[in-house]
Amino acid sequence: MSLKNVNTVLATVGALFVLYLGLSFILIPETSTPGVGLPNWPDGDGDGFLIMKGIREFSMGLVIGILLVTGHRRALGWVLLMEAVAPFGDMINVLAHHGSIAAAFAIHGLTSVLIAITGLLLLRETSNAHEAPAPAPAAQPA
C-alpha cells in the first residue's frame, strides 16, 4: 500500500470520526459528555456549551473532508497539523479540571498525536511536488 493510500485512509477515517463526534454532541450532548473525561456535568443548562463543541468538531470534519475530496493534499496536511491543537487543548482542559487522567491522555492526547502524524505524513507525501525543480544538465560538446 502506497503512502498516498495510507494517508487517504487515515484522513478519511479522521474526517468520519470527527463528523460523528460533532453530530453526537449536537444531537445527544447528555449521552456524549461522560466519555470526554471531565468529572462533572455542567451546572444549569450546559447543553449550549456542548452543542458548541459539537459544531466545532463537525466543522473540523467538514474541512478535512472537503480538502480530501478536492485533492488539496498539501493544504490538508497543514490543516491536520492545525486541527491537532483542538484535542490537545481538550486534554489540557480535562487535566486542568481534575478529570480522568486516563481519558485525557488516551482519548484526547492520542487523538492529537494521530491527527498530527497524519498531517506530517501528508506533508511528506506532497513535499517532492513542492521542491524546486533541478536545473537542466548542461549540453555536452560533441
Side-chain angles (χ1 to χ4, degrees), residues 1-140:
M1 188 174 242
S2 72
L3 179 60
K4 184 174 182 175
N5 290 342
V6 169
N7 293 343
T8 300
V9 168
L10 289 172
T12 301
V13 168
L16 292 174
F17 181 68
V18 174
L19 288 168
Y20 164 77
L21 284 177
L23 282 176
S24 60
F25 272 98
I26 293 167
L27 299 175
I28 48 171
E30 65 281 350
T31 306
S32 304
T33 303
V36 300
L38 291 171
N40 301 313
W41 178 261
D43 290 332
D45 184 17
D47 288 4
F49 290 103
L50 300 171
I51 292 170
M52 282 177 37
K53 177 178 173 38
I55 293 168
R56 176 194 81 172
E57 300 285 341
F58 191 77
S59 65
M60 289 170 48
L62 287 176
V63 170
I64 295 169
I66 288 168
L67 289 173
L68 188 61
V69 168
T70 59
H72 292 91
R73 297 179 73 80
R74 188 151 184 85
L76 176 58
W78 285 111
V79 164
L80 286 170
L81 284 178
M82 179 274 309
E83 287 192 4
V85 172
F88 182 80
D90 292 344
M91 178 186 74
I92 299 301
N93 187 36
V94 169
L95 293 172
H97 288 90
H98 310 292
S100 167
I101 294 172
F105 288 108
I107 297 170
H108 306 293
L110 184 60
T111 299
S112 180
V113 168
L114 290 174
I115 291 171
I117 288 172
T118 303
L120 290 171
L121 287 172
L122 277 156
L123 290 174
R124 180 173 179 219
E125 168 198 323
T126 60
S127 67
N128 293 339
H130 287 81
E131 291 178 0
Q140 297 289 333

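Here Thr111 pairs with nothing under the side-chain hydrogen bond (donor to acceptor under 3.5 Å, both in side chains) rule; sequence neighbours left out. Residues that satisfy the side-chain hydrogen bond (donor to acceptor under 3.5 Å, both in side chains) test with Asp90, not counting sequence neighbours, are Lys53, Arg56. With sequence neighbours left out, Val13 forms a side chain to side chain contact (heavy atoms under 4.5 Å, CB included) with Val9.
A distance of 9.5 Å separates CG in Leu21 from CE in Met60, rounded to the nearest 0.5 Å. Expressed to the nearest 0.5 Å, how far CG of Leu123 lies from CZ of Arg74 amounts to 5.5 Å. One finds the NZ atom of Lys4 at 10.5 Å from the OG1 atom of Thr126 (value rounded to the nearest 0.5 Å). Here the straight-line distance linking atom CD1 of Ile115 with atom CG of Leu120 works out to 12.0 Å at 0.5 Å rounding. To the nearest 0.5 Å, the span separating CG on Asn5 from CD on Glu125 amounts to 9.0 Å.
Here the closest heavy-atom approach between residue Leu110 and residue Ala106 is recorded as CB-O, 3.2 Å. Counting all heavy atoms, side chain and backbone alike, Gly61 lies closest to Val18 at N-CG1, 3.5 Å. The minimum heavy-atom distance between Ala11 and Thr118, with the atom names listed, is N-CG2, 4.1 Å. When all heavy atoms are compared, the tightest approach of Thr8 to Thr12 is O-OG1, 2.7 Å. The heavy-atom pair separating Val94 from Ala104 by the smallest distance is CG1-CB, 3.8 Å.
Of the possible polar contacts, one joining the Ser127 side chain to the Arg124 backbone as a donor-acceptor pair under 3.5 Å is found.
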Item to complete: Test side-chain contact (heavy atoms from CB on, under 4.5 Å) on Asn7 and Arg73 and set out the steps.
Response: CA-CA 9 Å; Asn7 293 343; Arg73 297 179 73 80; 3.7 Å; yes
Discussion item. Before you tell me yes or no, could you show the steps for Ile51 and Phe25 under side-chain contact (heavy atoms from CB on, under 4.5 Å), namely the whole-Å CA-CA distance, both residues' side-chain angles and the distance that decides it to 0.1 Å?
Written reply: CA-CA 6 Å; Ile51 292 170; Phe25 272 98; over 6 Å; no
Practice prompt. Applying side-chain contact (heavy atoms from CB on, under 4.5 Å), run through Leu19 and Phe58 and close with a yes or a no.
Written response: CA-CA 5 Å; Leu19 288 168; Phe58 191 77; 3.5 Å; yes
Distance-only criterion, 3.5 Å: show the donor-acceptor pairs between side-chain atoms of residues 65-72 and protein atoms not counting sequence neighbours.
residue : atom : partner : partner atom : Å
Thr70   : OG1  : Ile66   : O            : 2.8
Thr70   : OG1  : Leu67   : O            : 3.4
Thr70   : OG1  : His72   : ND1          : 2.7

Taking distance alone, no hydrogens or angles, what donor-acceptor pairs closer than 3.5 Å link side-chain atoms of residues 75-88 to residues at least two apart or in another chain?
none

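Residues His108 and Asn93 have side chains not in contact (no heavy-atom distance under 4.5 Å, counting atoms from C-beta outward).
For residues 6-17, no residue pair satisfies the salt bridge (charged side-chain N to carboxylate O under 4.0 Å, His left out) rule, not counting sequence neighbours.
Heavy-atom contacts from other residues, nucleotides or ligands closer than 6.0 Å to CD1 of Ile101 number 12 or fewer.
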